[in-house]
Student: 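Let me give you the structure first, and then I'll get to my questions.
Sequence lines set the chain letters: A, B, ... in the order given, protein chains first and strands last, and positions in each chain run from 1.
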Protein chains: 2
Amino acid sequence: MSPGVRAEQARRTRAAIQETALALFATRGYDATSLQDIADELGLTKAAVYYHFPSKLELLQSICEPVYARVSAIIEAAAAQSSRQRRIDVVAEGFADLTVGRRATISVLAADPVMHGRMKAASRMDDLLGQAAEVLYGEHPTPDQLLAVRAIAVVSDAISALPELGDDEAREVLARAVKRLLPRR
Amino acid sequence: MSPGVRAEQARRTRAAIQETALALFATRGYDATSLQDIADELGLTKAAVYYHFPSKLELLQSICEPVYARVSAIIEAAAAQSSRQRRIDVVAEGFADLTVGRRATISVLAADPVMHGRMKAASRMDDLLGQAAEVLYGEHPTPDQLLAVRAIAVVSDAISALPELGDDEAREVLARAVKRLLPRR
């Protein structure tokens with residue numbers, strides 16, 4: 001095999017491991033899923049999985065990282081706006097877009113308390129929501145403003161209760177809900 | 001022991017089992033907690049726990065039931081109001097009050113995906129939210145209205161991110177968030 005083909009195959013194996021892990025985390029929970037389970041599901045050896053992800057936590061982080069990167073980009077785009085109303089619009093539309101595009105990842109992230117506890121130490125979501133609050137409301141947000149920012153992620157998750165909506169409508173419904181939720185003052 | 005004393009002791013044991021179960025469900029998750037674990041934690045025999053709760057699911061339902069009863073009462077009170085704005089206010093204030101009074105129970109209910117899946121078949125929360133949507137918005141709610149009603153429970157849970165708030169302020173902040181979230185039209 002040429003190096004290019006080998007790299008492409010490694011990329012595909014990595015993606016397959018992430019996808020299978022996400023599906024198992026969602027159905028069994030993070031704690032009840034082992035790297036061995038993920039290997040078995042894919043017909044790989046445990047060593048092959050370890051080669052790509054030295055620990056289950058690193059595997060989880062690799063799944064979460066693109067979501068955090070998107071959230072970070074949304075906050076940056078919001079910070080570049082000239083009014084609070086426009087910053088709120090950018091955050092609402094950004095989260096709606098992110099949620100609808102990655103329903104599976106986000107509902108796993110939001111739903112698993114074990115993962116949640118585990119992620120708290122390791123993760124950046126708390127920091128990111130703190131940054132979002134500062135971009136939207138300055139250095140000293142009120143409790144109303146803080147609660148609303150914290151609630152963005154969970155409201156987004158509620159869209160899973162409306163599976164009959166197409167992606168475009170789901171995105172619009174969600175963006176409107178987040179805009180209502182975020183106080184203008 | 002007189003029958004009255006015995007009944008009082010049974011009531012206390014029942015409450016202790018429910019409280020311990022809730023704490024273990026919250027830390028370990030519903031699936032990873034057995035009736036034996038609960039018995040061990042309390043220094044009871046498994047038979048003593050079985051006497052009060054023939055299965056783990058019945059124990060869970062006994063913990064959830066008072067929450068559902070409160071939600072049902074909130075919906076009934078909302079239905080008795082003469083305008084949508086007043087119905088929204090009653091729902092928002094009722095949920096805020098319920099959440100702040102029972103933060104522990106509600107965050108367990110909201111957070112555990114296994115429990116969530118298990119409860120779906122057995123539980124009434126889906127029905128109750130459907131009833132709330134009908135009381136607030138009639139027989140054919142729009143997707144915006146439905147999403148907002150579904151999101152009430154999860155927004156309430158976000159209050160746990162603000163542990164420094166006293167109960168009264170937490171209640172007011174939450175009620176205002178739910179009122180903003182629920183569309184007036």
Student: Could you tell me which portion of A/I152 (side chain, backbone, both or neither) has an atom closer than 4.5 angstrom to a non-hydrogen atom of chain B?
Tutor: neither
Student: Say whether A/D127 and A/Q131, considering side chains only, have a donor N or O and an acceptor N or O under 3.5 Å apart.
Tutor: no
Student: Applying a heavy-atom distance below 4.5 Å, give me the residues of residues 133-151 of chain B that approach chain A, sorted by number.
Tutor: B/P143, B/D144, B/L146, B/L147, B/A148, B/R150, B/A151
Student: Where does B/L129 contact chain A at under 4.5 Å (heavy atoms): side chain, backbone, both or neither?
Tutor: neither
Student: Can you say whether B/I159 sits under 4.5 Å from chain A via the side chain, the backbone, both, or neither, judging by heavy atoms?
Tutor: both
Student: Check this for me, if you would: do A/K46 and A/D40 make a salt bridge, where the nitrogen-to-carboxylate-oxygen distance has to be below 4.0 angstrom?
Tutor: no
Student: Does a side chain donor of either B/S55 or B/E58 reach within less than 3.5 Å of an acceptor in the other side chain?
Tutor: yes
Student: B/R184: which residues meet the salt bridge (Lys or Arg N to Asp or Glu O under 4.0 Å) condition with it, sequence neighbours left out?
Tutor: none
Student: Under a 4.0 Å threshold between the charged nitrogen and the carboxylate oxygen, would A/R70 count as salt-bridged to A/D97?
Tutor: yes
Student: Atom CG in A/L181, atom CZ in A/R176: separation rounded to 0.5 Å?
Tutor: 15.0 Å
Student: Between A/D168 and A/R171, is a salt bridge (charged side-chain N to carboxylate O under 4.0 Å, His left out) present by the stated rule, with each step listed?
Tutor: CA-CA 5 Å; A/D168 286 347; A/R171 205 176 281 121; 2.9 Å; yes
